[in-house]
> 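Below is one structure. I have some questions about it.
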Amino acid sequence: MEFKTIIEPFRIHSVASIAMTTESERSEFIEEVGYNLFSLHSDNVLIDLLTDSGTGAMSRNQWAAIQRGDESYAGSPSWLNFKAAVQNLFPFTHIIPTHQGRAAEKILFTAIGGAGKVIPSNTHFDTTRANIEYSQAEAVDLVIAEGKDPANLHPFKGNMDLVALEQLIKNTGVENIPVVMMTITNNSGGGQPVSLENLHAVSAICKKYSIPFFLDACRFAENAWFIREREAGQSRREVIDIVREIARLADGMTMSAKKDPLGNIGGWLALNDDGLAAICRNLLILTEGFPTYGGLAGRDLEALAVGLTEVVSHDYLRYRIQSTAYLGNALHEMGIPVVLPIGGHAVYIDAKALLPHIPALQYPGQGLAIELYKAGGIRGCEIGSVMFGRKPDGSEVPAAMELVRLAIPRRTYTQSHIDYVIEVCAEVLKRAPSLTGYSIIKEPPSLRHFTSEFAPI
Ligand SMILES: *Cc1c(COP(=O)(O)O)cnc(C)c1O
């Protein structure tokens, strides 16, 4: 007998209370912080779907590993456990620990970026793009056309457009492309996976032109699960095998350990090139720490080493992917436009389609995210023109999509929490025709979505 309820494959071991609030209280809270959901006090959030980054619950084995943390400055056994766990999945020669993924990006692009350089990806994540642009290099997104169409059912909407990649290499010149990146899964493009076939093809193009190929591998396990589920000939493989095959295609990676490694903090840069690794380690010592701990405590390294063994479990990944789809499919069935197929770590609501009466530069995604908070205390994240609209030259251009991301923290919420989210979304769907846009009244020079202030129009 196969039962239809997807039970969480864990029991609750320790709890964090949620404080209940009313809609009128929440309307005041959000107004007080200039309608920026990042500025809310998280005690005033009921269901926090702002991000899946570092917000997951660790297992009791991870907490036990924390107790084994060895805080030796150099050569700690916790470092060796961490390094072995990373190399068990990603057998790169050099593993450089950092406090977060963006620190790995900052180090890598300080070493290889710079004016005149062009760095293609399927879609750069916001911190990746910001770090590339900060180095004066140009970040180019080359996801396939299907990846920009929220309703398209292509199984691997994170794939790179191979023709566009080769064209870019020819037009820009190999000497100006220090690296080709691939984000798995494609976070900014809807959490969509990349196929193994596409990874092989991008790797082959990079080899043909002798350009290094790096993974932004934050959600490698979720991506590998999608490959197992959706790609011909993969359904009998172990996820760990698929992950190792992906790693072998690349010359290096940047990583946030706050995602699939099931940690609350951490990241790493990994690579095979000895010369580049030496430059990166020097930068690491300047800004993060000694090469055997990076920006992390020994106990963090231990927790991540355990997380890396747990995340490739098929029971965990089946639950993870199916429970995200449970939310997404429910919204789809009630008529809320969502990015299809449902991605791995989040459900993305298509605010442009839900709120066609709000122009892109009045930020329909921001308007929707604010309403979800007011109506039910749910905190999502705008991924649209607020996040991507301001170009480095100062101009403002609408983003390709206006999305609101409901990211699901790992192993944190139960199905009844998600049923509540579904009910709140049904209420917001009723209110949709009367929602209004917003204007930005205060804006920082970069990464404006984190700190801008808004006013309703
Ligand atoms: C989160 C994330 C990063 C940055 O990692 P941080 O740990 O938040 O600094 C980079 N790329 C992708 C795809 C991400 O999801």
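Here, residue 1 is the first one in the sequence, and each next residue gets the next number. In listed order, ligands and their atoms are each counted from 1. Computed over heavy atoms, backbone and side chain alike; hydrogens, waters and symmetry mates excluded. Just so we're clear, the structure is a prediction, and the values are computed from it rather than from any experiment.
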> At less than 3.5 Å, what protein N or O atoms come close to the N or O atoms of ligand 1? Include the distances to 0.1 Å.
residue, atom, partner, partner atom, Å
ligand 1, 7 (O), Q100, NE2, 3.3
ligand 1, 7 (O), G101, N, 2.9
ligand 1, 7 (O), S256, OG, 2.7
ligand 1, 8 (O), Q100, NE2, 3.2
ligand 1, 8 (O), R102, NH2, 3.0
ligand 1, 9 (O), Q100, NE2, 3.0
ligand 1, 9 (O), G101, N, 3.3
ligand 1, 9 (O), R102, N, 2.8
ligand 1, 9 (O), R102, NE, 2.7
ligand 1, 11 (N), D216, OD1, 3.3
ligand 1, 11 (N), D216, OD2, 2.7
ligand 1, 15 (O), N187, ND2, 3.0
ligand 1, 15 (O), R219, NH1, 2.8
ligand 1, 15 (O), R219, NH2, 3.4
ligand 1, 15 (O), K259, NZ, 2.7

> Atom CD1 of I95 and atom CE of M255: how far apart are they, to the nearest 0.5 Å?
11.0 Å
> Check for me whether the distance between the ring centres of F226 and F156 falls short of 6.0 Å.
no
> Under the salt bridge (Lys or Arg N to Asp or Glu O under 4.0 Å) definition, can you give me all pairs with a residue in residues 248-269, not counting sequence neighbours?
D260-R410
> For residues 303-315, dump all side-chain donor-acceptor pairs below 3.5 Å to protein atoms at least two apart in sequence or in another chain.
residue, atom, partner, partner atom, Å
T309, OG1, V306, O, 2.6
E310, OE1, S59, OG, 3.1
E310, OE1, R411, NH1, 3.0
E310, OE1, R411, NH2, 3.4
E310, OE2, S59, OG, 2.6
S313, OG, D315, N, 3.3
S313, OG, Y316, N, 3.1
H314, NE2, V239, N, 3.0
D315, OD1, R318, NH1, 3.4

> Would you please name every residue forming a side chain to side chain donor-acceptor pair (under 3.5 Å) with Y438, sequence neighbours left out?
none
> Would Y373 and F29 count as a close aromatic pair, with their ring centres under 6.0 Å?
no
